Amino acid sequence: QVRLVESGGGLVQTGDSLRLSCAGSGRTFSGDAFGWFRQAPGKQRVFVAGINSNGHHTFYSDSVKDRFFISRDSAKNAAYLQMNTLQPDDTGVYFCAAVRSDEPPTIEGLYDYWGQGTQVTISS
């Protein structure tokens, strides 16, 4: 069974940092692009960050640029999202997604695999 499992969420204060992890299993994801998406309460899921299949190119939404950093470790079949200077607007459920593609799409419907999500809450 192919799975993505996120971890690392939690409740933190404004200005704190968190590191989310996404562990893949069931097959190798070395040829996949990864994306991280956020779903805030009552809102649609939106693209936050993506990394291409070889890890050399990263992409970010304007709201998280220069604060969030995506990375991957293909040997561990994993992707990560380092989130710094967290703000209350960053609150939501964060999902990891993978697609057999060189570049990470920003559209959620183009991804093949999704994790169950991890809750991130930032208190003001």
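Since the structure is predicted, the reported quantities are computational estimates derived from the model, not experimental observations.
Contact of the Asn52 side chain with the Asp102 side chain is not registered, since no non-hydrogen atoms from C-beta on lie closer than 4.5 Å. For the pair Asp89 and Ser63, the minimum side-chain heavy-atom distance is 4.5 Å or more. Side-chain contact between Leu20 and Glu6 is absent, with no heavy-atom pair separated by less than 4.5 Å. Residues Gln87 and Arg67 form a side-chain contact, since some pair of their non-hydrogen atoms from C-beta on lies under 4.5 Å apart. Looking only at side-chain heavy atoms (C-beta outward), Thr58 and Phe69 stay at 4.5 Å or farther from each other. At least one side-chain heavy atom of Ile70 sits less than 4.5 Å from a side-chain heavy atom of Trp36.
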Show your reasoning for whether side chain to side chain contact (heavy atoms under 4.5 Å, CB included) applies to Val120 and Met83. CA-CA 10 Å; Val120 172; Met83 306 187 296; 3.9 Å; yes

Start with the C-alpha distance between Glu103 and Phe59, add both sets of side-chain angles, then the distance that settles side chain to side chain contact (heavy atoms under 4.5 Å, CB included), and finish with yes or no. CA-CA 9 Å; Glu103 302 296 325; Phe59 306 85; 3.2 Å; yes

Going through the distances and angles, do Ser21 and Lys76 end up as a side chain to side chain contact (heavy atoms under 4.5 Å, CB included)? CA-CA 11 Å; Ser21 298; Lys76 295 183 178 180; over 6 Å; no

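Residues Val99 and Leu81 do not share a hydrophobic cluster, defined by chaining ILVMFWY side chains whose heavy atoms lie under 4.5 Å apart. Note on Tyr80: it does not cluster hydrophobically with Leu18, by side-chain heavy-atom contacts below 4.5 Å among ILVMFWY residues. Ile51 and Phe47 fall into different hydrophobic clusters, where Ile, Leu, Val, Met, Phe, Trp and Tyr are joined by side-chain heavy atoms under 4.5 Å apart, directly or via other members.
For the atom pair CD of Gln13 and CD1 of Ile122, the computed distance is 11.0 Å after rounding to the nearest 0.5 Å. In this structure, CD on Gln1 lies 7.5 Å from OG on Ser25, to the nearest 0.5 angstrom. Note that CZ of Arg38 and OG1 of Thr91 are 8.5 Å apart. Values are rounded to the nearest 0.5 Å. Between the SG atom in Cys22 and the CZ atom in Arg72 there is a gap of 10.0 Å [rounded to 0.5 Å].
The heavy-atom pair separating Ser53 from Ser101 by the smallest distance is CB-O, 3.8 Å. The two residues Asp62 and Lys65 come nearest to each other via the heavy atoms OD1-NZ, 3.3 Å. For Phe29 against Asn77, the heavy-atom pair with the smallest separation is N-OD1, 2.7 Å. Residues Pro104 and Gly50 come closest through the heavy atom pair CG-C, 3.7 Å. Scanning all heavy atoms of the two residues, the minimum distance from Ala49 to Tyr60 falls at CB-CD2, 3.6 Å.
Using modelled atom types, one side-chain atom of Thr14 and one backbone atom of Ser123 make a donor-acceptor pair closer than 3.5 Å. Looking at Thr118, its side chain does come within 3.5 Å of a backbone N or O of Gly9 through a donor-acceptor pair. Side chain of Arg45 to backbone of Val93: no donor-acceptor contact under 3.5 angstrom is found.
Below 30°, between 30° and 60°, or above 60°: for Trp114 and Phe95 the angle between ring planes is above 60°, a perpendicular geometry. Under the 30°/60° scheme for interplanar angles, the aromatic rings of Tyr94 and Phe68 are found to be tilted.
A salt bridge links Arg27 to Asp32: at least one charged side-chain nitrogen sits closer than 4.0 Å to a carboxylate oxygen. Ion pairing between a basic and an acidic side chain is recognised when a charged N comes within 4.0 Å of a carboxylate O; Asp112 and Arg100 show no such pairing.
Between Tyr111 and Phe37, the ring center distance clears the sub-6.0 Å criterion.
Crowding of Arg3 atom CZ: a count of heavy atoms from other residues, nucleotides or ligands under 6.0 Å not exceeding 12.
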